[in-house]
Amino acid sequence: MIEVRRLRVLRALADHGTVTAAAEVLHLTPSAVSQQLAALESEVGQELLERRGRRVAITSAGRLLLTHADAILTEVERAEDAMRLYADGTTGEVRVAAFATAISLLVAPALARLRATTPGLSLVVRDVEGHQGITQLLDGEVDVAIAVEHRGSPGLDDSRLTRIPLYAEPFVAVLPSAHPCAGVENVALTALSDDDWVSTSAGNPIRDVVLLACEQAGFRPRIRHNSDDFRAVAALVAAGAGVSLVPHLALRASDIGTAVIRPITAPAPVRRVFVAVRTGRADHPLIAAILKTFEETAAELPLGP
């Protein structure tokens with residue numbers, strides 16, 4: 001295998017003509033330069049030099065090697081520059097896990113900002129359910145996770161994580177247009193206790209929040225249909241399959257069809273969204289830039305029902 005540092009010696013000799021001159025440029029002794037060139041000849045199995053008086057000429061094999069050496073040394077310099085920038089925290093790849101709503105409302109706008117403010121950042125986004133991002137973060141599969149608070153979340157005292165709250169989003173009721181509560185200004189959860197329900201799947205943090213809110217209101221919802229796609233939830237509700245609670249920002253007007261959205265009488269359940277990184281990583285310049293931009297973007301979200 002050819003060692004790169006010996007290619008540098010050959011290039012210096014070609015540029016400066018003598019072993020002494022090459023040694024001076026490379027801050028080596030002439031003896032060390034000669035040893036490096038002899039080792040390079042051994043590595044490639046060809047004579048690379050021929051002596052002409054006090055000067056050394058490059059053979060045809062040496063000139064052929066130089067054409068490749070120039071390309072190799074250029075790429076090595078680029079790699080060294082990239083590593084210096086990475087070490088300085090000005091360039092690199094960061095992997096972010098987030099659930100679908102957070103991607104559309106938070107990550108995508110933040111990514112657009114980061115392209116302007118942090119051009120050395122390469123952001124890779126993974127769509128995962130709100131409870132799976134933390135698992136991937138702790139396993140080292142991603143560097144940043146946007147997740148939802150639920151009863152199974154790591155506690156605030158978990159020393160493995162640094163967490164920053166982003167926003168608290170109220171839930172709203174999604175009702176068939178013919179439902180008795182469709183015409184009221186605010187819906188009490190107890191008014192939905194006898195209905196069939198459309199909910200997210202077991203294990204989804206949204207389902208956990210909804211179940212807890214209903215329990216606190218004094219009933220357990222009769223869940224008949226499951227979907228983790230809020231547009232599908234709205235379609236089922238519009239078809240009269242049941243009622244549902246969804247986070248306020250999860251549905252747009254174009255997503256609900258003939259369904260009706262109504263605020264919930266206080267205390268309404270809330271989806272609490274936070275961003276987390278592994279402890280010790282929050283100060284990395286690229287990750288710090290991401291966290292700051294996520295916070296700024298979250299502050300602009302229309303959180304009222």
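This is a predicted model, so every value here is computed, not measured. Index from 1, following the sequence.
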Visitor: What's the shortest heavy-atom distance between A168 and V270, and which atoms?
Guide: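 Heavy atoms only, the tightest pair is CB-CG1, 3.5 Å.
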Visitor: Stepwise, does the side chain to side chain contact (heavy atoms under 4.5 Å, CB included) test hold for I2 with L7?
Guide: CA-CA 8 Å; I2 300 173; L7 294 177; 3.8 Å; yes
Visitor: Checking E185 against R262 for the salt bridge (Lys or Arg N to Asp or Glu O under 4.0 Å) test, could you report, in this order, the C-alpha distance in whole Å, the side-chain angles of both residues, the deciding distance, and whether it holds?
Guide: CA-CA 7 Å; E185 185 174 348; R262 291 289 180 265; over 6 Å; no
Visitor: Counting N and O atoms only, with roles assigned by atom type, does the side chain of R163 sit under 3.5 Å from a partner on the main chain of V275, one being a donor and the other an acceptor?
Guide: no
Visitor: Would a distance-only check, ignoring hydrogens and angles, find a side-chain to backbone donor-acceptor pair under 3.5 Å from T118 to L121?
Guide: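 Checked: no pair found.
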Visitor: If you measure from CD on E24 to OG1 on T20, what distance do you get to the nearest 0.5 Å?
Guide: 9.0 Å
Visitor: Do V148 and F274 have side chains that get closer than 4.5 Å, going by heavy atoms?
Guide: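 V148 vs F274: side chains apart.
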Visitor: Hey, are E300 and R113 close enough for a salt bridge, meaning a charged N less than 4.0 Å from a carboxylate O?
Guide: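 A salt bridge links E300 with R113.
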Visitor: After noting the C-alpha distance and the side-chain angles of I58 and L49, does the key distance pass the side chain to side chain contact (heavy atoms under 4.5 Å, CB included) rule?
Guide: CA-CA 5 Å; I58 308 293; L49 309 172; 3.6 Å; yes
Visitor: How about CD on E50, more than 12 heavy atoms from neighbouring residues, nucleotides or ligands closer than 6.0 Å, or not?
Guide: yes
Visitor: About how many Å separate CG of N226 and CH2 of W197, when rounded to the nearest 0.5 Å?
Guide: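 The CH2 atom of W197 sits 13.0 Å away from the CG atom of N226.
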Visitor: Between T162 (side chain) and R278 (backbone), is there a donor-acceptor pair under 3.5 Å?
Guide: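 Answer holds: no.
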Visitor: If I take atom CZ from residue R207 and atom OG from residue S201, how far apart are they, to the nearest 0.5 angstrom?
Guide: 7.0 Å
Visitor: Given the rule in the side chain to side chain contact (heavy atoms under 4.5 Å, CB included) test, do T265 and V187 qualify, once you have shown the distances and angles that lead to the verdict?
Guide: CA-CA 6 Å; T265 302; V187 176; 5.7 Å; no
Visitor: Would you mind reporting whether I223 and V210 have side-chain heavy atoms less than 4.5 Å apart?
Guide: no
Visitor: When hydrophobic residues are tied together by side-chain contacts of less than 4.5 Å, even through go-betweens, does L175 share a cluster with F219?
Guide: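 Yes, L175 connects to F219 through the hydrophobic network.
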Visitor: Are the side chain of T59 and the backbone N or O of E47 linked by a donor-acceptor pair below 3.5 Å?
Guide: yes
Visitor: Please tell me whether V174 and V184 are part of a single hydrophobic cluster in this structure, the criterion being side-chain heavy atoms less than 4.5 Å apart.
Guide: yes
Visitor: Using a strict 4.0 Å threshold on nitrogen-to-oxygen distance, state whether E141 and R95 make a salt bridge.
Guide: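 Answer for the salt bridge query: no.
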Visitor: CZ of R231: more than 12 outside heavy atoms within 6.0 angstrom?
Guide: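 It does not: R231 CZ has 12 such atoms or fewer within range.
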Visitor: Do V246 and I261 make a side-chain contact, defined as non-hydrogen atoms from C-beta onward lying under 4.5 Å apart?
Guide: no
Visitor: Less than 4.5 Å apart, any side-chain heavy atom of Q136 and any of D139?
Guide: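 No, their side chains stay 4.5 Å or more apart.
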Visitor: Between E169 (side chain only) and L249 (backbone N and O only), is there a donor and an acceptor less than 3.5 Å apart?
Guide: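 At least one qualifying donor-acceptor pair exists.
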Visitor: Quick one: does any side-chain atom of S227 pair with a main-chain N or O of D229 as donor and acceptor, under 3.5 Å?
Guide: yes
Visitor: Out of curiosity, L192 CG to R222 CZ, how far, rounded to the nearest 0.5 Å?
Guide: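 The distance works out to 11.5 Å.
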Visitor: Would a distance-only check, ignoring hydrogens and angles, find a side-chain to backbone donor-acceptor pair under 3.5 Å from H16 to T18?
Guide: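 It does not hold such a pair.
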Visitor: Tell me whether L189 is reachable from V243 by hopping between hydrophobic residues (I, L, V, M, F, W, Y) whose side-chain heavy atoms are closer than 4.5 Å.
Guide: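 Yes; tracing contacts between hydrophobic side chains, which count when under 4.5 Å, links both residues.
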Visitor: Is the closest side-chain donor-acceptor distance between D143 and H284 under 3.5 Å?
Guide: no
Visitor: With a 4.5 Å cut-off on side-chain heavy atoms, are L106 and L166 touching?
Guide: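 Yes, at least one pair of side-chain atoms sits under 4.5 Å.
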Visitor: Are any of the side-chain heavy atoms of L65 and L48 separated by less than 4.5 Å?
Guide: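 The answer is yes; the side chains approach within 4.5 Å.
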Visitor: Taking the side chain as every heavy atom from C-beta outward, state whether F171 and R271 have any atom pair closer than 4.5 Å.
Guide: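 Touching, per the 4.5 Å side-chain cut-off.
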Visitor: For the hydrophobic clusters of this structure (ILVMFWY residues joined by side-chain heavy atoms under 4.5 Å, transitively), does one cluster hold both V96 and L114?
Guide: yes
Visitor: Any heavy-atom pair between the side chains of L291 and I164 that's under 4.5 Å?
Guide: yes
Visitor: F99 and I146: side chain to side chain contact (heavy atoms under 4.5 Å, CB included), yes or no, with the steps?
Guide: CA-CA 7 Å; F99 53 96; I146 297 178; 4.0 Å; yes
Visitor: Is R6 paired with E43 through a side-chain N to carboxylate O contact shorter than 4.0 Å?
Guide: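 Looking at R6 together with E43, the answer is yes, because their closest N to O distance falls below 4.0 Å.
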Visitor: As an exercise, state the distance from CZ of R11 to CG of L26, rounded to the nearest 0.5 Å.
Guide: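 Nearest 0.5 Å value for the CZ-CG distance: 12.0 Å.
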Visitor: To the nearest 0.5 Å, what is the distance between CD1 (I264) and CG (L245)?
Guide: 4.5 Å
Visitor: Would V44 end up clustered with V4 when hydrophobic side chains under 4.5 Å apart are linked, directly or stepwise?
Guide: yes
